[in-house]
Amino acid sequence: MKMILRMIAAMLVAGAVIFWVAAGANRGWTKTQIPIKTVDAVTGLEGIQWQAKFVPGVDFLGAALLAAGVLAGISIFIPLKSKQPKTENNK
Amino acid sequence: MKTKLAILTLVGVTGIVLAAPQTFDFKDPKGINNAGFTLDAPLEAINGNASGVSGTVTFDPSNPGATAGKIIVAAGSLMVPNPMQRTHMLSDKWLDATKYPEISFESKEFKNIQTAGDTTTADVTGTFTLKGVSKDLTVPVKLTYLKDKLGDRLPNQKGDLLVIRASFSIKRGDFNINPGQYEDKVADTIELNLSIAGASPK
């Protein structure tokens, strides 16, 4: 159990970092809408259309690291191996 | 004699009609019209915009100084990329968009008017209203009159376009948006950019 929790924590950190880097390593806040600029050919005005897209930010990384830290912390209090109960044959 | 009088009357009426101020409607069916805003913040600047632009402006190409009108932005149309920031921004703690659904600017006076071709620049003094607080501001604007260009933008329509661009800044504290508070998290100064086009169908 101890090892499983630590493996999950490590995978959580690795997964979050890989996802964050793959999504553009956004050093700002997490975004769920991104602005797409469009130019009106007649007026020359620049308009903004909002497109739904998840872009993880440093708050996403922080939350993943915190969750991994909690899991790793819990694992400290779990004994390495549970003791086998003694049977009559072992006496 | 009668014919000459008729011609003179026709020429006079045509002149009056051509010189008459036109009313431009700024509700944009193409959804391009927008008011952008930027606030400095520690991690990254908060950049957003509002697309809910409406209002009318009366413009006379032969007398740009007589331009007058009111532009309204729906507070509920303000967008930022982060959903939590948007919720906070529209809440009663900040803009209170439910109680104060409109942000507006109504012109009073045009000064320092300079016209070159179809473009006019001027300093406009008017009343800016945000969160129920109205203050007089002087804003530099650029007006571009595009004669007979409405059809190029909206097929099957004839008329003119008026493009307005303006950049200016306000202080949120002046408009009762948490005055003197949270300035370490969100700057007091808000940079505003208006990019809008109005239509005057014929």
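Residue numbers begin at 1 in each chain, while the letters A, B, ... track the order of the sequences. Note that this is a predicted model, so its numbers are computed, not measured.
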ask   = Out of B:N34, B:N49, B:D152, B:N47, which one racks up the most heavy-atom pairs below 4.5 Å with chain A?
value = B:N49
message = Is it the case that the side chains of B:T56 and B:D25 hold a donor-acceptor pair, with the cut-off being a distance below 3.5 Å and no angle test?
response = no
note = One option among A:T38, A:V58, A:V39, A:T30 has the most heavy-atom pairs under 4.5 Å with chain B, and it is A:T30
request  = Would you please say whether a donor-acceptor pair under 3.5 Å links the side chains of B:S195 and B:R165?
outcome  = no
request  = Report the C-alpha distance between B:K149 and B:D160 in whole Å, list the side-chain angles of each, state the deciding distance to 0.1 Å, and finish with yes or no for salt bridge (Lys or Arg N to Asp or Glu O under 4.0 Å).
outcome  = CA-CA 5 Å; B:K149 290 286 184 186; B:D160 305 331; over 6 Å; no
ask   = What part of A:Q49 is in contact with chain B, defined as an atom under 4.5 angstrom from a non-hydrogen atom: side chain, backbone, both or neither?
value = side chain
query = Which distance, rounded to the nearest 0.5 Å, do you find between the CG of B:N33 and the CG of B:L194?
reply = 8.0 Å
task = Please flag which part of A:W50 lies under 4.5 Å from any non-hydrogen atom of chain B: side chain, backbone, both or neither.
result = side chain
query = Where does B:N82 contact chain A at under 4.5 Å (heavy atoms): side chain, backbone, both or neither?
reply = both
inquiry  = Looking at every heavy atom in both B:W94 and B:M89, which two are closest together, and how far apart are they?
reply    = CB-O, 3.4 Å
task = Quick one: sort the A:F60 and A:F54 rings into parallel, tilted or perpendicular, breaks at 30° and 60°.
result = perpendicular
inquiry  = Does any backbone or side-chain atom of A:V55 lie under 4.5 Å from a heavy atom of chain B? Answer side chain, backbone, both or neither.
reply    = neither
query = chain B heavy atoms under 4.5 Å from A:I34: which part of the residue, side chain, backbone, both or neither?
reply = neither
request  = For the residue pair B:F105 and B:F168, categorise the inter-ring angle as parallel (less than 30°), tilted (30 to 60°) or perpendicular (more than 60°).
outcome  = tilted
inquiry  = Out of A:K31, A:K53, A:E46, return the one with the most heavy atom pairs under 4.5 angstrom to chain B.
reply    = A:K31
query = Using a cut-off of under 4.5 Å for heavy-atom pairs, which of A:V42, A:I48, A:D59, A:L45 has the most such pairs with chain B?
reply = A:L45
